[in-house]
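A short write-up of the structure that comes next.
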Amino acid sequence: MGKISAEVRRVALQLMEAILEGLGLGKDYQHEEFERGLQLLQVNCYPKEPEGESAIGLAPHSDHGFLTILLVSCPGLEVLDRSSDTWRVVQQPRHALHVHVGDYMEVLSNGRVKTVVHRAVLNPGEARISMASIHSFAMHEKVSVAKKLVDEQDPEKYKESSFSDFLDYLMSNADKKRMSFLESLRI
Ligand SMILES: O=C(O)CCC(=O)C(=O)O
Ligand SMILES: [Fe+2]
């Protein structure tokens, strides 16, 4: 587990640099904050789909960090196509990793790069395991819109927040039907 986490972290940081460069911020933008950031591993185990029923394994959501790298044992991942508001099945080439952009990437880029809304459905043929590696800043480090991506036509669209603010948000809304964390940050 230690080796795969370290390798996945290396890939995530390299992808982050490429995205930052693509946004015109330069690959070293907030380099230290990314370097000392958090990596969270979440392992999901789903049972086989009961016969004749279709069932959701993990409800629709977006991930809170900058990037998620996902390893899955078999198909079951679906992403929301924003243009048609329909779910698209994600193909699963053998041994391929999936990369999701998360909420903090949408915040940092001032909405230029959109978070991916996704869900997992149960697989009729077999039980399923997935391992999500989520990459974010450190617990109390604030993520904010890059000032270079703000101007009169494109005002700042999100409030700053940290991972600890995200946890507080989850706790405070635990028993309510709630808007997503990202929606709560919209200005
Ligand atoms: O199991 C999957 O394919 C998705 C897992 C996921 O979205 C998550 O852990 O955040
Ligand atoms: Fe997810």
Side-chain angles (χ1 to χ4, degrees), residues 1-13 15-16 19 34 37-50 53-83 85-109 111 113-139 143 158 161-171 173-174 177-186:
M1 198 65 137
K3 180 136 193 267
I4 187 171
S5 319
E7 288 297 308
V8 163
R9 174 110 185 111
R10 194 174 56 77
V11 171
L13 291 174
L15 288 173
M16 243 355 268
I19 296 172
F34 282 110
L38 287 174
Q39 174 179 18
L40 298 164
L41 280 185
Q42 176 172 319
V43 178
N44 307 294
C45 300
Y46 308 95
K48 186 170 150 178
E49 185 185 74
E53 282 175 46
S54 63
I56 300 294
L58 189 59
H61 66 282
S62 57
D63 298 337
H64 73 271
F66 290 100
L67 286 180
T68 299
I69 300 197
L70 189 67
L71 176 65
V72 306
S73 63
C74 62
L77 177 64
E78 297 187 348
V79 296
L80 186 66
D81 177 348
R82 288 168 185 265
S83 58
D85 207 25
T86 53
W87 290 102
R88 298 281 178 120
V89 173
V90 179
Q91 301 304 317
Q92 181 53 54
R94 255 171 84 73
H95 306 310
L97 295 171
H98 301 271
V99 178
H100 291 170
V101 165
D103 293 352
Y104 278 156
M105 196 61 239
E106 183 162 333
V107 170
L108 183 143
S109 70
V113 183
K114 297 279 187 244
T115 195
V116 176
V117 177
H118 54 285
R119 67 180 185 181
V121 297
L122 301 188
N123 190 302
E126 54 186 307
R128 182 169 179 273
I129 294 180
S130 69
M131 192 176 84
S133 169
I134 298 170
H135 301 265
S136 180
F137 278 176
M139 185 61 97
V143 177
Y158 306 89
S161 73
S162 64
F163 182 55
S164 131
D165 296 330
F166 168 68
L167 295 180
D168 289 346
Y169 180 81
L170 286 189
M171 295 312 287
N173 284 273
K177 216 170 183 276
R178 58 174 190 263
M179 57 174 146
S180 73
F181 179 58
L182 186 62
E183 279 161 20
S184 79
L185 297 179
R186 286 223 168 87

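As the structure lists them, so they are numbered: ligands from 1, and atoms in each ligand from 1. We're numbering straight along the sequence, starting at 1. Not measured: the values here are computed from a predicted model.
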Between ligand 1 and the protein, which N/O pairs fall short of 3.5 Å?
residue, atom, partner, partner atom, Å
ligand 1, 1 (O), Y46, OH, 2.6
ligand 1, 1 (O), R128, NH1, 3.1
ligand 1, 1 (O), S130, OG, 2.7
ligand 1, 3 (O), R128, NH1, 3.3
ligand 1, 3 (O), R128, NH2, 2.8
ligand 1, 7 (O), H61, NE2, 3.1
ligand 1, 7 (O), H118, NE2, 2.9
ligand 1, 9 (O), Q42, NE2, 3.2
ligand 1, 9 (O), N44, ND2, 3.0
ligand 1, 10 (O), H61, NE2, 3.1
ligand 1, 10 (O), D63, OD1, 3.2

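Between F34 and F137, the ring-plane angle classifies as perpendicular under the 30° and 60° cut-offs.
A distance of 9.5 Å separates CG in L77 from CH2 in W87, rounded to the nearest 0.5 Å.
Residue F66 comes nearest to M105 through the heavy atom pair O-CB, 3.5 Å, listed as atom of the first residue, atom of the second, then distance.
Side-chain contact, T115 with D103: a donor N or O sits under 3.5 Å from an acceptor N or O.
The environment of R88 atom CZ is sparse: at most 12 non-hydrogen atoms of other residues, nucleotides or ligands sit within 6.0 angstrom. Crowding of K114 atom NZ: a count of heavy atoms from other residues, nucleotides or ligands under 6.0 Å exceeding 12.
Inside a sphere of radius 2.8 Å centred on the Fe ion (ligand 2), the protein N/O/S atoms present are H61 NE2, D63 OD1, H118 NE2.
Residues passing the side chain to side chain donor-acceptor pair (under 3.5 Å) test with Y46, sequence neighbours excluded: none. Remark: H64 engages F163, F166 in a ring-ring contact (aromatic ring centres under 6.0 Å, His included) (not counting sequence neighbours).
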Set out, in order, the CA-CA distance, both residues' side-chain angles and the distance that settles side chain to side chain contact (heavy atoms under 4.5 Å, CB included) for H118 and H61, then state yes or no. CA-CA 6 Å; H118 54 285; H61 66 282; 3.1 Å; yes

